[in-house]
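Here's the structure, in structure tokens; my notes come after.
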Amino acid sequence: MLSGRRLDLLDPSPFDIEIEDIAHGLARVARWNGQTLGDHAFSVAEHCVLVEDICRSLRPGWPAKWRLTALLHDAPEYVVGDMISPFKAALGMDYKAFEHKLEAAIHLRYGLPAQVPQSIEAVIKRADRASAYFEAVQLAGFAEPEAAQIFTRPRGILPVTITPLPPKEAQQVFLSRFEKLLARMEREAGATKAR
């Protein structure tokens, strides 16, 4: 990694994870394999921020730890890249197990549970699908009926306007959101201990 850390992909350690490496990598990984409109690819970093925004609108009272979990939902892609879902499925469970192992290490590094409760995972997945729908229609050339069929039209979620950013800006937006959520999570944990 650019931080100088060495990450064992088969046995990732939370001690070898740095948020700067994650932000740098995700800001340079293109969603939709780069097949999008605009001067810049829409990065996984931007997608993660959008998913966290949608989760915040769906669950305004969520603790910061679940919002941080939403922001980091695709964090393993800083190492493995963003593969389209059908390709991941074709690779089978070994790939998913590998991805989950890396995700668990990332979660542990930042004080999140290695295993996310199913109820939280369901909200993040809903936000992820809504983001994919908006991305498909605005950036990837899908007609609305086609996107609705594949991703389901988002309900109860206000439409968003997506403008892809240059990698450095996407990296900074992601890092800024991470720092705010981590600080909030630490304040919430301190308030809980003080009670």
Side-chain angles (χ1 to χ4, degrees), residues 1-3 5 7 9 12 16-58 66-89 91 95-96 98-100 102-103 105-107 109-110 112 116 121 123-142 147 150-151 154 157-182:
M1 301 293 129
L2 285 177
S3 66
R5 296 278 188 189
L7 181 64
L9 294 178
D16 293 327
I17 309 264
E18 294 294 338
I19 194 61
E20 290 79 9
D21 292 330
I22 293 171
H24 181 86
L26 294 183
R28 286 157 178 76
V29 174
R31 293 273 294 166
W32 306 93
N33 291 325
Q35 299 298 308
T36 53
L37 302 170
D39 293 336
H40 307 284
F42 186 67
S43 70
V44 174
E46 293 170 275
H47 165 77
C48 288
V49 170
L50 179 56
V51 167
E52 191 275 324
D53 282 339
I54 294 170
C55 284
R56 185 170 21 102
S57 74
L58 290 171
W66 300 136
R67 290 181 52 199
L68 185 59
T69 301
L71 182 70
L72 295 173
H73 81 281
D74 279 340
E77 294 178 10
Y78 88 103
V79 175
V80 298
D82 183 26
M83 286 191 261
I84 58 175
S85 295
F87 189 62
K88 284 182 184 180
L91 290 175
Y95 177 81
K96 278 306 221 183
F98 169 76
E99 195 174 46
H100 284 303
L102 183 53
E103 182 179 62
I106 292 166
H107 283 189
R109 171 67 171 91
Y110 298 108
L112 301 170
V116 179
E121 192 69 42
V123 175
I124 295 171
K125 192 65 180 163
R126 179 180 173 200
D128 192 37
R129 290 181 66 80
S131 179
Y133 173 87
F134 294 130
E135 294 168 30
V137 170
Q138 294 179 38
L139 302 174
F142 284 64
I150 296 169
F151 304 106
I157 298 170
L158 294 174
V160 297
T161 302
I162 300 172
T163 305
L165 299 172
K168 284 276 191 202
E169 287 180 42
Q171 181 176 343
Q172 192 51 49
V173 167
F174 180 90
L175 274 175
S176 177
R177 181 69 55 92
F178 172 85
E179 289 163 2
K180 286 177 187 171
L181 290 173
L182 187 64

Which is it for Trp66 and Val123 under the side-chain contact (heavy atoms from CB on, under 4.5 Å) test, yes or no, and what are the steps along the way?
CA-CA 10 Å; Trp66 300 136; Val123 175; over 6 Å; no

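- To the nearest 0.5 angstrom, Leu165 atom CG is 11.5 Å from Gln172 atom CD.
- You'll find the side chain of Ile157 reaches within 4.5 Å of the side chain of Phe134, heavy atoms only.
- The side-chain heavy atoms of Ser57 and Leu158, taken from C-beta on, include no pair separated by under 4.5 Å.
- Closest of all the heavy-atom pairs between Ala170 and Ser43 is CB-OG, 3.6 Å.
- Applying the side chain to side chain contact (heavy atoms under 4.5 Å, CB included) test to Arg109 and every residue at least two apart in sequence or in another chain returns Pro14, Ile17, Glu18.
- Nearest heavy-atom pair, Gln171 versus Glu20, reported as atom, atom and distance to 0.1 Å: NE2-O, 4.4 Å.
- Taking each heavy atom of Ala136 and Ala147 in turn, the nearest pair found is CB-CB, 4.2 Å.
- Under the side chain to side chain contact (heavy atoms under 4.5 Å, CB included) test applied with Ser131, the options Ile162, Ile54, Val49 reduce to a single match, Ile54.
- Summarising the geometry, atom CG belonging to Leu68 is positioned 9.5 Å from atom OH belonging to Tyr110; distances are rounded to the nearest 0.5 Å.
- When every heavy atom of Glu46 is checked against every heavy atom of Ala41, the shortest pair comes out as OE1-O, 3.7 Å.
- In this structure, His107 has no ring pair (Phe, Tyr, Trp, His ring centres under 6.0 Å) partners at least two apart in sequence or on a different chain.
- One distance of note links CG of Leu72 with CZ of Arg177; it measures 12.0 Å at 0.5 Å rounding.
- Of all heavy-atom pairs spanning Ala23 and Phe174, the tightest one is CB-CD2, 3.6 Å.
- Expressed to the nearest 0.5 Å, how far CG of Asp74 lies from CD of Glu99 amounts to 7.5 Å.
- Considering only heavy atoms from C-beta on, His47 comes within 4.5 Å of Phe42 through its side chain.
- Rounding to the nearest 0.5 Å gives a distance of 12.0 Å between CD1 of Ile106 and NE2 of His73.
- Counting only heavy atoms from C-beta outward, the side chains of Cys55 and Ile124 approach each other to under 4.5 Å.
- Atoms CD and CG, on Glu52 and Leu181 in that order, are 5.0 Å from each other to the nearest 0.5 Å.
- Counting all heavy atoms, side chain and backbone alike, Arg5 lies closest to Asp16 at CB-O, 3.7 Å.
- Using modelled atom types, one side-chain atom of Gln138 and one backbone atom of Val160 make a donor-acceptor pair closer than 3.5 Å.
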